[in-house]
Number of protein chains: 2
Amino acid sequence: MAEKVTAQMVAERAGVSQSAVSRVFTPGASVSARTEKKVREAASALGYRPNVLARAMVSGRSRMIGLVVAYLENQFYPEVLEKLSNALQAEGYHILVFMASQEAGTLDTVVEEILDYQVEGIVLASVSLSSDLASRCQAAGVPVVLFNRSQDIDGISAVTSDNFTGAFQVGQFLLAGEHERIAYLAGWEGASTQRDRQRGFVAALDVAGRRLHAWEDGRFEPSRTADAVRIMFDRSSRPDAVFVAGDQMALIAMDVLRHELGLSVPGDVSVVGFDDVPAASWLSYRLTTVRQQADLMVARCVSTLLRAIETPGAAPERHAIEAPLILRASARIPQGWTQ
Amino acid sequence: MAEKVTAQMVAERAGVSQSAVSRVFTPGASVSARTEKKVREAASALGYRPNVLARAMVSGRSRMIGLVVAYLENQFYPEVLEKLSNALQAEGYHILVFMASQEAGTLDTVVEEILDYQVEGIVLASVSLSSDLASRCQAAGVPVVLFNRSQDIDGISAVTSDNFTGAFQVGQFLLAGEHERIAYLAGWEGASTQRDRQRGFVAALDVAGRRLHAWEDGRFEPSRTADAVRIMFDRSSRPDAVFVAGDQMALIAMDVLRHELGLSVPGDVSVVGFDDVPAASWLSYRLTTVRQQADLMVARCVSTLLRAIETPGAAPERHAIEAPLILRASARIPQGWTQ
DNA sequence: CGAAATTTTGCATACGCTTGCAAAAAGAGC
DNA sequence: GCTCTTTTTGCAAGCGTATGCAAAATTTCG
């Protein structure tokens, strides 16, 4: 196996100093056209490429962003990961992935590990942060952006959908559809997304002087969700509409309603979800749902992060991306409904 | 923001040399119990943690594995990513993710970028490698493992399912079910998985003196797949069974068959997939399919990779993991079929 | 208790690169 | 051509850690 080729070797071959080589590969540095040519020739002859790690050591810029993800089962996250990776790749950054099991203490460990790698920034997707950890990151000078979670912690930026308004719309939509018994199937209550969606939905009902006819908790877990649906519909006056806190759960709900309880969707029950994962548009479901605009969210996330990296003192940003209702076929559409 | 705490600072506080600090954090190094105690106290008082990058510089061990993934839409890959990340995390490694667009030249660029980070190994998921690139990696002393692709390149390890045998079983299964017109819906022909599955399936028919009644190419792309199904079934003698090269395509096929063409699955057509993605078991599909045992594949992938890292001269390994047929409800089950 | 064997420790160097500084080279202006 | 300004270049000092080597400390054991 060949030795690894260093800037020093290139320098010798090109007959210049090692600093000159470094400058050729540092955008904005001062080099004459002639030495640049000599260096580039020597470099490509030897197959030289700068060592990112060595560069990181002295410049403090590792070109790495740490990403913490809790679960990838939810189809929304692979999509986000892919887009995030592409967006960061375009800016010359790369993603170091860390899986956080849902256990409590895990996140602390994971974040410590991330910091060990001298990442320039951290994205926490669907993960909540203790204020202790947050200040640890700040002490290390590493900006943090929460993705799909919002939290009132000093100095922590967050990018979410406008969950409140999105869910509020759903409430209006179901009311306009003249549903009589409107239910809500909740996600894990520790998630800010769940709380905001519930608040928005209930607020819409509230405006009309209405209340939830039923409420169950699916915790964003498949089997828990199926149970919740069974409980919710095993009563004399079952709901005729249910807003589900996430698509993954909504799809399960539709399956249980149709194939286990023999109900028709949307004939007997209207179902509305949140996320707009790929499967929501599959012909078996055609789920009416609120779309999380992953592209926009990712773009905001990246710009927020880069800004924080470049401007160490910058104030944290909180972004709530518009989340439009996507009409498909799982919920009765009110006459003349436009939006 | 606080300064970053170095081994030197810990050394001063503990009244020892920097080397002593280093040794405390290097498993297997020689330190007395007394200095270890002093160092650990000083370290935790200051919140010291070794800098992975600096460590990588001198030891050549970055504790990073590069992962290249082409597309995450296929539900199989998020699952793999999650498991792979967890398995490597348990071994003290972390994953640096790179997305490879499907364009041709991209992979070269991406692999170069990976090597810049001094990763200790590379996993290529569903991506093919030119022998030129392969030797580049070998020159850099970085072992490569192909995941879900196999290729005859010197020195390159690969982990796949036993696609041939898995598909062969499907052939036997459909024949035993007394299907008359058996079709195959292919994936992208550049993929070894596609080729092996087709070969296995056709071989099974061959043994019985039968041939494919129809063949179309879905290229693993959703809209292409839907078209392929439409073409395949728009003829007087439509297939009564179709083996689809991947679940993602199989689910689309079921949707088109049922909701667009008004056919019953498995009444009119039996459908069998490959992968066993999460959605395959959803009540709307209950897809009979061949399971890729992600756990086993990942475990093999990790052990292969670690072995190659620790034993630089090691011979490449090729593993084909058993892929069992999972019976559900999308294909007619032959009487008395057991397996 | 003392010599030999063993363990622990600090020193110094290296890993591959960036960057401030001062010297050298190149341009500008007359 | 000569001085003054501007650009280019090399030198050398790190960045934070691991590690070979030799000295120091400790243990072993006759």
Side-chain angles (χ1 to χ4, degrees), chain A residues 2-40 42-43 46-64 92 115-120 140-142, chain B residues 2-40 42-43 46-64 92 115-120 140-142:
Chain A
E3 296 304 311
K4 53 182 42 170
V5 22
T6 73
Q8 184 58 50
M9 298 166 65
V10 176
E12 277 160 21
R13 185 180 231 268
V16 299
S17 74
Q18 183 265 320
S19 337
V21 177
S22 169
R23 288 190 175 105
V24 168
F25 289 93
T26 306
S30 158
V31 251
S32 70
R34 198 152 48 90
T35 47
E36 165 142 22
K37 183 159 170 290
K38 286 193 292 183
V39 168
R40 290 220 182 273
L46 296 176
Y48 170 76
R49 308 200 100 222
N51 179 330
V52 177
L53 265 40
R55 180 174 277 190
M57 277 240 45
V58 38
S59 70
R61 317 211 64 203
S62 64
R63 315 299 312 185
M64 296 194 290
L115 292 175
D116 292 347
Y117 281 86
Q118 312 297 114
V119 297
E120 293 186 47
V142 178
Chain B
E3 296 304 313
K4 54 184 39 169
V5 23
T6 74
Q8 185 57 52
M9 297 166 65
V10 176
E12 278 158 21
R13 185 181 232 265
V16 298
S17 74
Q18 179 264 319
S19 336
V21 177
S22 168
R23 286 193 251 263
V24 169
F25 289 92
T26 305
S30 158
V31 251
S32 70
R34 196 152 48 91
T35 46
E36 165 142 22
K37 182 161 171 289
K38 283 193 294 183
V39 168
R40 290 220 181 274
L46 295 176
Y48 170 76
R49 309 201 99 221
N51 179 331
V52 177
L53 265 39
R55 181 173 276 192
M57 276 240 45
V58 39
S59 69
R61 318 212 63 204
S62 64
R63 315 301 312 189
M64 297 194 289
L115 293 175
D116 293 348
Y117 281 87
Q118 311 297 112
V119 296
E120 293 186 49
V142 178

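Throughout, protein chains are lettered first and strands after them, A, B, ... in sequence-line order, and every chain is numbered starting at 1.
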Handout entry: Nucleotide range of DNA chain C lying under 4.0 Å from chain B heavy atoms
Key =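 Going 5' to 3' along DNA chain C, contacts run C/dT8 to C/dG16.
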Practice task
Can you sort out the partners of A/Thr35 under side-chain hydrogen bond (donor to acceptor under 3.5 Å, both in side chains), two or more places apart, ordered by chain and number?
Solution key: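 By the side-chain hydrogen bond (donor to acceptor under 3.5 Å, both in side chains) rule, A/Thr35 matches A/Ser32.
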Separation between [atom1] of [X] and [atom2] of [Y], rounded to the nearest 0.5 Å:
X	Y	atom1	atom2	value
B/Gln118	B/Ser62	CD	OG	7.5 Å
A/Tyr117	A/Met64	OH	CE	8.0 Å
B/Glu36	B/Arg23	CD	CZ	13.0 Å
A/Lys4	B/Leu115	NZ	CG	9.5 Å
A/Leu46	A/Arg13	CG	CZ	5.0 Å
B/Arg34	B/Lys37	CZ	NZ	10.5 Å

Practice task
Check the pair A/Asp116, B/Asn51 against side chain to side chain contact (heavy atoms under 4.5 Å, CB included), reporting the backbone distance first and the verdict last.
Solution key: CA-CA 5 Å; A/Asp116 292 347; B/Asn51 179 331; over 6 Å; no
Exercise for the section: Would you classify B/Thr6 as touching base, sugar-phosphate or nothing, given that sugar-phosphate means primed atoms plus P, OP1 and OP2, and contacts are heavy atoms under 4.0 Å? Expected result: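 Answer is sugar-phosphate: B/Thr6 comes under 4.0 Å of backbone atoms only.
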Exercise for the section: Determine the contact category for B/Arg61: base if any of its heavy atoms lies under 4.0 Å from a base atom, sugar-phosphate if only primed atoms, P, OP1 or OP2 are that close, otherwise nothing. Expected result: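 Answer is nothing: B/Arg61 stays at 4.0 Å or more from every strand.
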Handout entry: Donor-acceptor pair, side chain of A/Thr26 and main chain of A/Ala29, under 3.5 angstrom
Key =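 Such a contact is absent between A/Thr26 side chain and A/Ala29 backbone.
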Practice task
Return yes if some donor-acceptor pair links the side-chain N/O of B/Glu120 with the main-chain N/O of B/Arg63 below 3.5 Å, else return no.
Solution key: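 Answer holds: yes.
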Practice task
Can you sort out which residues in residues 47-60 of chain A have a heavy atom within less than 4.0 Å of DNA chain D? Ascending by number, please.
Solution key: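 Contacts with DNA chain D under 4.0 Å: A/Met57, A/Val58.
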Exercise for the section: Return the residues of residues 23-32 of chain A meeting this criterion: a heavy atom under 4.0 Å from some atom of DNA chain D. Order them by number, or give none. Expected result: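 Correct list: A/Arg23, A/Ser30, A/Val31, A/Ser32.
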Handout entry: Whole-Å distance separating the OH atom of A/Tyr117 from the C1' atom of D/dT17
Key =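 So the OH-C1' distance, A/Tyr117 to D/dT17, works out to 15 Å.
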Problem - Euclidean distance, atom CD of residue B/Gln8 to atom C1' of D/dT17 [Å, nearest integer] - result: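 These atoms are roughly 11 Å apart.
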Handout entry: Contacting residues from residues 10-18 of chain B, given that a heavy atom lies under 4.0 angstrom of DNA chain C
Key =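 Those residues whose heavy atoms fall under 4.0 Å from DNA chain C, taken from residues 10-18 of chain B in numerical order, are B/Val16, B/Ser17.
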Problem - Given DNA chain D, 5'-ward residue of the pair A/Ala33 and A/Ser19, judged by closest heavy atom - result: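 Of the two residues, A/Ala33 wins.
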Problem - Row check, A/Phe25 ring normal vs A/Arg49 NZ/CZ: under 6.0 Å, within 45° - result: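 A/Arg49 over A/Phe25 ring: no.
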Practice task
Could you tell me which non-hydrogen atom of A/Ala43 sits nearest to which non-hydrogen atom of A/Val10, and how far apart they are?
Solution key: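 Heavy atoms of A/Ala43 and A/Val10 come nearest at N-CG1, 3.8 Å.
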Practice task
Determine the minimum heavy-atom distance between B/Val21 and B/Tyr48, stating which atoms define it.
Solution key: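 The answer is CG1-CE2, 4.2 Å.
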Exercise for the section: Report the end-to-end axis angle of the helix from C/dC1-D/dG30 to C/dC30-D/dG1; each axis comes from five terminal pairs, and the value is rounded to 10°. Expected result: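 The angle separating the two end axes equals 20°.
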